[in-house]
K.L.:
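Take a look at this one; I'll ask things after.
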Amino acid sequence: MSDIVIRRMTAQDVKRVHEIEVNTFPKPWTEADFMREVTTNQCARYMVAEAEGQVIAYAGAWLILDEGHITNIAVDKAYRGQGIGRKVTEALLQYAANLGVQYLTLEVRRSNEVAQNLYKSLGFIKLGVRKKYYDDGEDALLMVVDHLPEADPDFEEAETVHE
(Lines give C-alpha, C1' and ligand atoms only; values in the text may rest on other atoms or scores of the structure.)
Protein backbone atom coordinates (compact mmCIF):
# COMPACT_ATOMS: atom_id res chain seq x y z
CA MET A 1 0.00 0.00 0.00
CA SER A 2 1.26 3.48 -0.83
CA ASP A 3 1.68 6.20 1.75
CA ILE A 4 -1.42 7.42 3.53
CA VAL A 5 -2.23 11.11 3.06
CA ILE A 6 -4.30 12.80 5.77
CA ARG A 7 -6.01 16.04 4.77
CA ARG A 8 -9.07 18.16 5.41
CA MET A 9 -12.28 16.77 3.88
CA THR A 10 -13.83 18.64 0.94
CA ALA A 11 -17.20 18.53 -0.81
CA GLN A 12 -15.59 16.32 -3.47
CA ASP A 13 -15.02 13.65 -0.80
CA VAL A 14 -18.64 13.46 0.36
CA LYS A 15 -19.80 10.68 -1.97
CA ARG A 16 -16.91 8.37 -0.96
CA VAL A 17 -17.21 9.25 2.75
CA HIS A 18 -20.90 8.43 2.56
CA GLU A 19 -20.11 5.03 1.01
CA ILE A 20 -17.82 4.24 3.95
CA GLU A 21 -20.48 5.49 6.39
CA VAL A 22 -23.18 3.26 4.85
CA ASN A 23 -20.89 0.22 5.05
CA THR A 24 -20.00 0.94 8.68
CA PHE A 25 -23.03 2.13 10.63
CA PRO A 26 -26.52 0.63 11.00
CA LYS A 27 -28.11 4.10 10.78
CA PRO A 28 -25.79 6.07 8.49
CA TRP A 29 -25.77 9.79 7.89
CA THR A 30 -26.95 10.86 4.44
CA GLU A 31 -24.83 12.41 1.72
CA ALA A 32 -26.72 15.65 2.39
CA ASP A 33 -25.69 15.47 6.07
CA PHE A 34 -22.02 15.27 5.12
CA MET A 35 -22.38 17.99 2.49
CA ARG A 36 -23.83 20.32 5.15
CA GLU A 37 -20.94 19.46 7.45
CA VAL A 38 -18.32 20.56 4.91
CA THR A 39 -20.16 23.46 3.31
CA THR A 40 -22.33 25.19 5.92
CA ASN A 41 -21.58 23.94 9.45
CA GLN A 42 -18.93 26.37 10.64
CA CYS A 43 -18.24 24.24 13.72
CA ALA A 44 -17.52 21.06 11.77
CA ARG A 45 -14.03 19.87 10.89
CA TYR A 46 -13.48 16.58 9.06
CA MET A 47 -10.28 14.83 8.11
CA VAL A 48 -9.90 12.08 5.52
CA ALA A 49 -7.22 9.46 4.99
CA GLU A 50 -6.39 8.79 1.38
CA ALA A 51 -4.47 5.93 -0.24
CA GLU A 52 -3.64 5.87 -3.93
CA GLY A 53 -5.99 8.80 -4.54
CA GLN A 54 -9.01 7.24 -2.84
CA VAL A 55 -10.55 8.19 0.52
CA ILE A 56 -10.31 5.18 2.83
CA ALA A 57 -11.24 6.70 6.21
CA TYR A 58 -12.62 9.83 7.81
CA ALA A 59 -13.04 11.43 11.22
CA GLY A 60 -15.08 14.47 12.14
CA ALA A 61 -15.87 16.72 15.05
CA TRP A 62 -17.83 19.79 16.00
CA LEU A 63 -15.53 22.35 17.58
CA ILE A 64 -16.95 25.21 19.62
CA LEU A 65 -14.51 27.55 21.34
CA ASP A 66 -12.35 25.32 23.57
CA GLU A 67 -14.45 22.16 23.42
CA GLY A 68 -15.16 19.56 20.78
CA HIS A 69 -17.38 16.58 20.14
CA ILE A 70 -16.31 13.80 17.77
CA THR A 71 -19.25 13.00 15.51
CA ASN A 72 -18.06 9.98 13.53
CA ILE A 73 -14.98 7.99 12.62
CA ALA A 74 -14.93 5.18 10.09
CA VAL A 75 -12.46 3.18 8.02
CA ASP A 76 -13.26 1.34 4.79
CA LYS A 77 -13.60 -2.37 5.60
CA ALA A 78 -10.72 -3.31 3.30
CA TYR A 79 -8.33 -1.10 5.32
CA ARG A 80 -9.35 -1.90 8.89
CA GLY A 81 -6.79 -3.21 11.35
CA GLN A 82 -3.90 -1.32 9.72
CA GLY A 83 -3.73 1.70 12.04
CA ILE A 84 -5.53 4.05 9.65
CA GLY A 85 -8.31 4.80 12.13
CA ARG A 86 -5.63 5.83 14.61
CA LYS A 87 -3.88 8.07 12.06
CA VAL A 88 -7.02 9.92 10.99
CA THR A 89 -8.16 10.31 14.61
CA GLU A 90 -4.74 11.62 15.68
CA ALA A 91 -4.91 14.12 12.81
CA LEU A 92 -8.34 15.27 14.00
CA LEU A 93 -7.05 15.65 17.58
CA GLN A 94 -4.09 17.70 16.31
CA TYR A 95 -6.36 19.89 14.17
CA ALA A 96 -8.65 20.50 17.16
CA ALA A 97 -5.67 21.37 19.37
CA ASN A 98 -4.40 23.79 16.71
CA LEU A 99 -7.76 25.58 16.90
CA GLY A 100 -7.54 25.93 20.69
CA VAL A 101 -9.73 22.99 21.74
CA GLN A 102 -8.93 21.81 25.27
CA TYR A 103 -10.99 18.60 25.35
CA LEU A 104 -13.12 16.36 23.13
CA THR A 105 -15.99 14.03 23.93
CA LEU A 106 -17.54 11.16 21.98
CA GLU A 107 -20.06 8.36 22.33
CA VAL A 108 -19.18 4.79 21.43
CA ARG A 109 -21.29 1.65 21.49
CA ARG A 110 -20.81 -0.40 24.64
CA SER A 111 -20.22 -3.43 22.38
CA ASN A 112 -17.58 -1.75 20.17
CA GLU A 113 -14.47 -2.81 22.04
CA VAL A 114 -12.17 -2.20 19.05
CA ALA A 115 -13.12 1.49 18.96
CA GLN A 116 -13.01 1.77 22.76
CA ASN A 117 -9.48 0.36 22.80
CA LEU A 118 -8.39 2.85 20.14
CA TYR A 119 -9.85 5.75 22.11
CA LYS A 120 -8.29 4.55 25.37
CA SER A 121 -4.90 4.28 23.65
CA LEU A 122 -5.30 7.92 22.57
CA GLY A 123 -5.96 9.04 26.14
CA PHE A 124 -9.75 8.99 26.27
CA ILE A 125 -11.35 7.94 29.54
CA LYS A 126 -14.87 6.74 30.25
CA LEU A 127 -16.93 9.58 31.70
CA GLY A 128 -20.33 7.90 31.89
CA VAL A 129 -23.00 5.86 30.15
CA ARG A 130 -25.83 7.11 27.96
CA LYS A 131 -28.55 4.50 28.51
CA LYS A 132 -30.30 3.25 25.34
CA TYR A 133 -28.52 5.93 23.30
CA TYR A 134 -28.75 4.09 19.99
CA ASP A 135 -31.96 3.36 18.09
CA ASP A 136 -31.58 -0.37 18.75
CA GLY A 137 -31.50 0.28 22.51
CA GLU A 138 -27.77 -0.24 23.02
CA ASP A 139 -26.02 1.96 25.56
CA ALA A 140 -23.24 4.34 24.61
CA LEU A 141 -20.16 5.02 26.66
CA LEU A 142 -19.41 8.73 26.96
CA MET A 143 -15.65 9.24 26.70
CA VAL A 144 -13.48 12.34 26.99
CA VAL A 145 -9.88 13.29 26.30
CA ASP A 146 -8.27 16.42 27.72
CA HIS A 147 -4.64 15.66 26.91
CA LEU A 148 -4.43 16.92 23.34
CA PRO A 149 -1.26 17.34 21.31
CA GLU A 150 0.70 20.57 21.57
CA ALA A 151 -0.80 23.15 19.20
CA ASP A 152 1.26 23.97 16.12
CA PRO A 153 2.13 27.68 16.53
CA ASP A 154 2.32 28.11 12.75
CA PHE A 155 -1.08 26.52 12.07
CA GLU A 156 -3.52 28.58 10.06
CA GLU A 157 -6.79 27.55 8.43
CA ALA A 158 -7.39 28.73 4.90
CA GLU A 159 -10.67 30.33 6.00
CA THR A 160 -9.14 32.15 8.97
CA VAL A 161 -10.05 35.83 8.86
CA HIS A 162 -7.32 38.36 9.52
CA GLU A 163 -8.21 41.91 10.47
K.L.:
Are the side chains of Leu148 and Tyr103 in contact, using a 4.5 Å heavy-atom criterion?
P.N.:
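Not touching, per the 4.5 Å side-chain cut-off.
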K.L.:
To the nearest 0.5 Å, what is the distance between CE on Met47 and CZ on Arg45?
P.N.:
11.0 Å
K.L.:
If I compare all heavy atoms of Val88 with all of Ala49, which pair ends up nearest, and what's the gap?
P.N.:
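In this case the closest contact between Val88 and Ala49 is CG2-N, 4.1 Å.
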K.L.:
With a 3.5 Å cut-off and no angle check, do the side chains of Trp29 and Glu37 form a donor-acceptor pair?
P.N.:
no
K.L.:
Please determine if Lys132 and Glu138 form a salt bridge, counting it only when a charged side-chain N lies under 4.0 Å from a carboxylate O.
P.N.:
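Looking at Lys132 and Glu138, the cut-off is not met.
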K.L.:
Using side-chain heavy atoms (C-beta onward) and a distance below 4.5 Å, is Thr105 in contact with Leu142?
P.N.:
yes
K.L.:
What are the two closest heavy atoms between Ile20 and Asp76, and how far apart are they?
P.N.:
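Closest approach of Ile20 to Asp76, heavy atoms only: CG2-N, 3.8 Å.
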K.L.:
Going through the distances and angles, do Arg80 and Thr24 end up as a side chain to side chain donor-acceptor pair (under 3.5 Å)?
P.N.:
CA-CA 11 Å; Arg80 291 183 188 161; Thr24 302; 2.9 Å; yes
K.L.:
Using a 3.5 Å distance criterion without hydrogens, assess whether the side chain of Thr71 forms a donor-acceptor pair with backbone atoms of Gly60.
P.N.:
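Checking the backbone N and O of Gly60 against the side chain of Thr71, a donor-acceptor pair under 3.5 Å is found.
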K.L.:
So if you build clusters from Ile, Leu, Val, Met, Phe, Trp, Tyr with side-chain heavy-atom gaps below 4.5 Å, do Ile64 and Leu92 land together?
P.N.:
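Different clusters: Ile64 never reaches Leu92 through Ile, Leu, Val, Met, Phe, Trp or Tyr contacts under 4.5 Å.
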K.L.:
Is the shortest heavy-atom distance from the side chain of Phe34 to the side chain of Met9 under 4.5 Å?
P.N.:
yes
K.L.:
For a quick test of reading the model, state the closest non-hydrogen atom pair linking Thr39 to Ala11 and the distance between them.
P.N.:
CG2-CB, 4.4 Å
K.L.:
Between Val114 and Ile73, is there a shared hydrophobic cluster once you connect ILVMFWY residues whose side-chain heavy atoms come closer than 4.5 Å?
P.N.:
no
K.L.:
Tell me the closest heavy-atom pair linking Gln116 and Arg110, and the distance in Å.
P.N.:
NE2-O, 2.8 Å
K.L.:
Kindly compute the distance separating CH2 (Trp62) from OH (Tyr46), expressed to the nearest 0.5 Å.
P.N.:
6.5 Å
K.L.:
With rounding to the nearest 0.5 Å, note down the distance linking CD1 in Ile70 to CG in Leu104.
P.N.:
5.0 Å
K.L.:
Apply the side chain to side chain contact (heavy atoms under 4.5 Å, CB included) test between Ile84 and each candidate in Ile6, Ile4, Thr89; give the one that qualifies.
P.N.:
Ile4
K.L.:
Does the pair Val144 and Leu127 meet the rule for a side chain to side chain contact (heavy atoms under 4.5 Å, CB included), with working shown?
P.N.:
CA-CA 6 Å; Val144 64; Leu127 194 60; 4.2 Å; yes
K.L.:
Carefully, step by step, assess Tyr95 and Val101 under the rule side chain to side chain contact (heavy atoms under 4.5 Å, CB included).
P.N.:
CA-CA 9 Å; Tyr95 205 98; Val101 169; over 6 Å; no
K.L.:
Keeping the roles fixed (side chain from Asn112, backbone from Arg109), state whether a donor-acceptor pair exists under 3.5 Å.
P.N.:
no
K.L.:
Within the structure provided, determine whether Arg7 and Glu50 are in side-chain contact (heavy-atom separation under 4.5 Å).
P.N.:
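Arg7 reaches Glu50 side chain to side chain.
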K.L.:
Salt bridge check: are Asp13 and Arg16 linked by an N-O gap of less than 4.0 Å?
P.N.:
no
K.L.:
Quick check: is Phe124 connected to Val75 through a chain of hydrophobic side chains (ILVMFWY, heavy atoms under 4.5 Å apart)?
P.N.:
yes
K.L.:
Rounded at 0.5 Å granularity, tell me how far CD in Glu21 sits from CG in Asn72.
P.N.:
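Here the rounded value is 5.0 Å.
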K.L.:
Under 4.5 Å between side-chain heavy atoms, counting indirect links through other Ile/Leu/Val/Met/Phe/Trp/Tyr residues: same cluster for Val38 and Leu63 or not?
P.N.:
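Different hydrophobic clusters.
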K.L.:
What distance do Leu106 atom CG and Leu141 atom CG have between them, rounded to the nearest 0.5 Å?
P.N.:
9.5 Å
K.L.:
Report yes or no: do Leu118 and Ile56 belong to one cluster of Ile/Leu/Val/Met/Phe/Trp/Tyr joined by side chain heavy-atom distances under 4.5 Å?
P.N.:
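Linked within one cluster.
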K.L.:
For Glu19, look at atom CD and say whether over 12 heavy atoms of other residues, nucleotides or ligands are found less than 6.0 Å away.
P.N.:
yes
K.L.:
When rounded to the nearest 0.5 angstrom, what distance separates CD in Glu90 from CG in Leu122?
P.N.:
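Result: 5.5 Å between the selected atoms.
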K.L.:
Looking at Arg8 and Val48, what are the two nearest heavy atoms and their distance?
P.N.:
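Smallest heavy-atom distance, with atoms named: O-CG2, 4.5 Å.
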K.L.:
Just checking, any donor-acceptor pair under 3.5 angstrom between side chains of Asn98 and Gln94?
P.N.:
yes
K.L.:
So, for Ala97 and Pro149, which heavy atoms are closest and what is the spacing to 0.1 Å?
P.N.:
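Here Ala97 and Pro149 meet closest at CB-O, 3.3 Å.
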K.L.:
Is the closest side-chain heavy-atom distance between Met35 and Val17 below 4.5 Å?
P.N.:
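With C-beta onward as the side chain, the pair stays apart.
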